[in-house]
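All values below come from the heavy atoms of this structure, side chains included, with hydrogens, waters and symmetry mates left out. Numbered from 1 within each chain, the chains take letters A, B, ... in sequence-line order.
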2 protein chains.
Amino acid sequence: MSETKPMSVAGQRILDAAGDLFYSRGITAVGVDLIAEHSGVTKRTLYNQFGSKDQLVVAYLEEREQRWQLLVRETIAAAESPIEAVLAPLEAQRIWNQNNPRGCAFINALAELPDPTHPAHVVATKQKQWLIDLFLELATAAGCSAPDTLATQLLVLHEGALVTQQLSLDTLAVSIELARGLVRAAVPAQS
Amino acid sequence: MSETKPMSVAGQRILDAAGDLFYSRGITAVGVDLIAEHSGVTKRTLYNQFGSKDQLVVAYLEEREQRWQLLVRETIAAAESPIEAVLAPLEAQRIWNQNNPRGCAFINALAELPDPTHPAHVVATKQKQWLIDLFLELATAAGCSAPDTLATQLLVLHEGALVTQQLSLDTLAVSIELARGLVRAAVPAQS
DNA sequence: ACGCTCCTTTACCGATCGGTGTACTGTAGG
DNA sequence: CCTACAGTACACCGATCGGTAAAGGAGCGT
């Protein structure tokens with residue numbers, strides 16, 4: 001039930017190649033011919049599987065969305081306290097960024113596809129909304145007195161760390177430390 | 001002496017149109033024909049003035065760079081104290097973002113042009129380096145004890161506020177308030 | 001009157017873009 | 001054995017991409 005389509009082996013290969021290329025070179029800059037070539041598949045097969053480039057872009061973003069959210073949920077589950085759980089999305093970046101040095105795929109997609117009606121644009125904003133809601137939920141669960149403010153602060157730090165990652169500065173460690181201080185200050189003392 | 005080329009009226013029109021289109025629709029998505037049409041100028045004139053699309057992109061980014069840095073310097077000059085001066089780049093966003101709702105043009109350019117050897121990529125990273133250096137300089141001038149850490153924190157907040165601006169949340173106000181707290185805490189008490 | 005610079009007009013270039021038509025092949029299931 | 005399906009091979013489409021050729025008009029300082 002979780003999968004609407006089992007996705008054929010060729011489809012998976014296409015999605016893998018598209019993922020690499022879109023992320024590393026940009027969505028607009030990568031043509032369908034190149035994706036077909038890199039996945040060792042005919043352009044015809046690509047269109048039989050995905051229908052159009054736009055739909056392939058959507059599939060690309062949704063695949064990343066699933067992987068990222070899974071990682072975050074695992075990090076939350078592994079957190080030792082509600083306070084640490086609030087920091088989970090930031091902590092998850094530690095692992096994620098190792099294989100994703102080109103910043104946030106969703107932010108990049110928004111930069112390339114400004115049209116709000118574009119399906120890929122919708123997916124990207126949906127993903128960010130998910131993160132906002134998650135921060136709010138985690139802050140509330142941790143017993144934070146002003147969860148809205150904290151959630152916004154953490155969102156800014158999260159996105160800031162993500163986007164400055166490309167600038168060869170270790171901003172993530174600084175962001176996490178700062179975030180930890182904010183969470184501790186916002187949650188009434190415990191233990 | 002400040003201008004290497006006086007820039008003809010047609011050149012200015014082209015640059016204006018290119019600025020609007022590149023920023024609002026994305027660099028890769030906008031073709032030279034469209035720019036020529038929007039600026040009421042022939043494609044030939046465009047190429048006589050700028051030589052190539054890449055060079056026009058560079059000119060576009062450099063023009064924004066100049067306008068932004070000017071605004072920041074004015075905000076610094078208007079600051080009432082060294083502590084407020086450190087916050088100037090954040091404060092400048094208040095004005096800047098009103099006419100620039102699509103996030104940071106340089107970050108967007110980096111997203112669209114991943115090739116580090118691309119001249120536009122170089123301009124964009126140079127701009128970010130300028131901001132890093134500026135934060136460091138301002139933090140030091142304010143007498144901050146650990147200017148490196150503060151500068152990195154402020155950079156993260158700055159970029160975070162910039163990139164989350166598109167998400168219809170007032171993240172800038174939250175970021176500035178948080179940044180002010182950080183600066184006050186980092187600078188030994190005065191007066 | 002001169003040439004020079006700026007700009008225009010129109011037409012054109014090869015390459016690539018996203019996307020399709022068609023006919024063929026391998027293979028698994030009934 | 002036969003059908004159905006997934007995938008291949010390859011040619012093709014109109015549109016658009018960045019960029020150029022050639023010729024000429026308008027203004028201007030000499």
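Residue A:Gln55 contributes atom CD, which lies 9 Å from atom P of C:dG19 at whole-angstrom precision. Nucleotide C:dC6 holds its C1' atom 14 Å from the CG atom of B:Leu46, rounded to whole Å. In this entry the distance linking CZ of A:Arg13 with C1' of D:dG7 reads 11 Å, nearest Å. The distance between atom CD1 of A:Ile14 and atom P of D:dA6, rounded to the nearest whole Å, is 13 Å. Taking atom CG on B:Leu56 and atom C1' on D:dG19, their separation rounds to 13 Å, with Å as the unit. Distance B:Glu112 CD to D:dC17 P: 14 Å, rounded to the nearest Å. Rounded to whole angstrom, the span from the CD atom of B:Gln12 across to the C1' atom of C:dC6 amounts to 16 Å. Rounded to whole Å, the distance from CZ on A:Phe50 to P on C:dG18 is 15 Å.
In this model, a side-chain donor or acceptor of B:Arg44 finds a partner on the base of D:dA21 within 3.5 Å. In the interface, the side chain of B:Lys53 is not paired with the base of D:dG19 through any donor and acceptor atom under 3.5 Å apart.
In this pair, A:Phe135 and A:His158 present their aromatic rings perpendicular. The plane angle is above 60°, beyond the 30 to 60° band.
Residue contacts shown for A:Gly11 are absent, as no nucleic acid heavy atom lies under 4.0 Å away.
When distances run from any side-chain atom of A:Val9 to the nucleotides D:dG7, D:dT20, C:dG19, the shortest one goes to D:dG7. Side-chain atoms of B:Thr42 lie closest to C:dT8 of the nucleotides C:dG19, C:dT8, D:dG7. Residue B:Lys43 places its side chain closer to D:dT20 than to any other of D:dT20, C:dC7, D:dT8. Comparing atom distances between the B:Asn48 side chain and each of D:dG19, C:dC7, C:dT20 picks out C:dC7 as nearest.
A donor-acceptor pair is defined here as one N or O able to donate and one able to accept, closer than 3.5 Å; such a pair exists between the side chain of B:Arg102 and the backbone of A:Ala111. Judged by distance alone, with hydrogens and angles left aside, the side-chain atoms of B:Tyr23 form no donor-acceptor pair with the main-chain N or O of B:Tyr60 at under 3.5 Å.
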With side-chain hydrogen bond (donor to acceptor under 3.5 Å, both in side chains) as the test, would you mind laying out the steps for A:Thr28 and A:Glu112 before giving the verdict?
CA-CA 7 Å; A:Thr28 316; A:Glu112 289 200 73; 2.9 Å; yes
Does the pair B:Gln165 and B:Thr171 meet the rule for a side-chain hydrogen bond (donor to acceptor under 3.5 Å, both in side chains), with working shown?
CA-CA 7 Å; B:Gln165 166 203 13; B:Thr171 55; over 6 Å; no
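Between A:Ser8 and D:dA6 there is no side-chain polar atom (N or O) within less than 4.0 angstrom of OP1 or OP2.
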